[in-house]
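These notes concern the structure reproduced below.
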Amino acid sequence: MAIINLIDGEKGGVGKSWVARTMLQYLKDRAIPLAGIEADRSNPTVLNIYKDSKAAFFSENEKMADVPDSIFDYALKKTVVVNLPAQAHRAVSQWINTKGLLDLGKEHGVSFTKWFVSDGESDSIELFIRPLAEPKIC
């Protein structure tokens with residue numbers, strides 16, 4: 001089963017890019033087929049370090065709703081690691097929910113894992129807890 005690993009954290013500067021790079025390197029070192037996806041426009045660390053990675057940006061703008069679809073397409077063939085920017089939760093959830101990707105993933109053997117990165121500060125923890133109470137948000 002392929003996995004889409006979403007490296008997430010609503011606060012900036014907590015180490016999301018470091019976690020994404022560590023996961024990518026771990027998979028590369030073990031020759032596991034993978035796709036590195038950079039979704040952080042302002043700090044494209046993964047894209048800068050792993051030249052074979054791709055960019056796929058999330059937006060709540062309906063005109064850009066199809067841009068991240070390549071992430072799911074890659075996951076049909078390999079493990080995917082997505083380095084998300086801060087404050088991406090709503091756009092990512094909208095993409096997953098609008099496209100019905102959890103059901104589509106079940107059909108095609110693709111699962112989603114969200115790795116929430118936090119610095120342990122109260123504001124970072126609050127940004128983790130708040131979306132859990134929202135209806136229909138992943």
Side-chain angles (χ1 to χ4, degrees):
M1 175 179 269
I3 300 172
I4 297 175
N5 294 281
L6 300 168
I7 312 304
D8 194 11
E10 289 293 275
K11 183 177 175 184
V14 295
K16 292 181 296 294
S17 295
W18 182 84
V19 170
R21 292 189 332 258
T22 301
M23 187 178 288
L24 284 166
Q25 193 60 53
Y26 177 88
L27 295 167
K28 279 184 171 291
D29 290 349
R30 283 149 186 79
I32 295 170
L34 68 104
I37 307 292
E38 181 62 74
D40 190 341
R41 297 175 215 209
S42 63
N43 188 23
T45 307
V46 167
L47 200 57
N48 291 336
I49 294 173
Y50 295 97
K51 301 301 181 191
D52 58 343
S53 61
K54 309 292 183 207
F57 303 118
F58 290 88
S59 173
E60 291 181 60
N61 181 336
E62 289 181 25
K63 293 179 182 177
M64 303 198 51
D66 297 335
V67 172
D69 287 354
S70 61
I71 295 169
F72 192 86
D73 294 340
Y74 286 120
L76 295 172
K77 301 173 193 148
K78 54 186 93 173
T79 297
V80 177
V81 177
V82 184
N83 183 43
L84 293 169
Q87 303 293 319
H89 172 74
R90 285 197 184 278
V92 172
S93 294
Q94 181 178 344
W95 173 66
I96 291 171
N97 292 329
T98 302
K99 303 283 182 159
L101 294 179
L102 296 180
D103 291 332
L104 196 59
K106 287 178 187 175
E107 287 178 34
H108 295 282
V110 175
S111 66
F112 289 80
T113 301
K114 181 175 183 175
W115 301 88
F116 191 90
V117 182
S118 170
D119 61 6
E121 296 293 324
S122 61
D123 57 341
S124 184
I125 300 299
E126 173 61 28
L127 289 167
F128 171 72
I129 293 170
R130 189 179 315 147
L132 297 176
E134 295 174 8
K136 295 188 179 182
I137 300 287
C138 301

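Because the structure is a prediction, the values reported are computed rather than measured.
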What is the minimum heavy-atom distance between [X] and [Y], and which atoms define it?
| X | Y | result |
| --- | --- | --- |
| Ala86 | Gly12 | CB-N, 3.6 Å |
| Phe57 | Val67 | O-CG1, 3.4 Å |
| Ala75 | Ala2 | O-CB, 2.7 Å |
| Ser53 | Val46 | OG-O, 3.4 Å |
| Ala91 | Phe58 | CB-CB, 3.8 Å |
| Ile125 | Ser118 | CD1-OG, 3.7 Å |

From [atom1] ([X]) to [atom2] ([Y]), nearest 0.5 Å:
| X | Y | atom1 | atom2 | answer |
| --- | --- | --- | --- | --- |
| Leu47 | Ser17 | CG | OG | 11.0 Å |
| Trp18 | Thr45 | CH2 | OG1 | 13.5 Å |
| Phe112 | Asn5 | CZ | CG | 11.0 Å |
| Arg30 | Gln25 | CZ | CD | 9.5 Å |
| Leu101 | Glu107 | CG | CD | 11.0 Å |
| Ile4 | Lys114 | CD1 | NZ | 14.0 Å |

Test item: [X] and [Y] side chains (from C-beta on) under 4.5 Å apart, heavy atoms:
| X | Y | value |
| --- | --- | --- |
| Asp66 | Lys99 | yes |
| Asn43 | Pro85 | no |
| Val81 | Leu34 | no |

Original post:
Can Lys28 and Asp52 be said to form a salt bridge (charged side-chain N to carboxylate O under 4.0 Å, His left out), step by step?
Top reply: CA-CA 11 Å; Lys28 279 184 171 291; Asp52 58 343; 3.0 Å; yes
Among the clusters formed by ILVMFWY side chains lying less than 4.5 Å apart, do [X] and [Y] turn up in the same one?
| X | Y | result |
| --- | --- | --- |
| Ile71 | Val92 | yes |
| Ile49 | Val19 | yes |
| Leu27 | Leu76 | no |
| Tyr74 | Ile32 | no |
| Leu84 | Ile37 | yes |

Subject >> Heavy-atom donor-acceptor pair, Asp8 side chain to Trp115 backbone, under 3.5 Å >> reply: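 Such a contact is absent between Asp8 side chain and Trp115 backbone.
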Original post:
Do side-chain atoms of Gln87 reach the backbone of Glu10 as a donor and acceptor pair under 3.5 angstrom?
Top reply: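 Judged by distance alone, yes, a pair lies under 3.5 Å.
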Subject >> Residue from Arg21, Lys16, Glu38 passing side-chain hydrogen bond (donor to acceptor under 3.5 Å, both in side chains) with Asn83 >> reply: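 Among Arg21, Lys16, Glu38, the one that satisfies the side-chain hydrogen bond (donor to acceptor under 3.5 Å, both in side chains) with Asn83 is Glu38.
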**OP:** Report the residue from Val80, Leu104, Ile96 that forms a side chain to side chain contact (heavy atoms under 4.5 Å, CB included) with Phe72.
**Re:**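 Only match with Phe72 under side chain to side chain contact (heavy atoms under 4.5 Å, CB included): Leu104.
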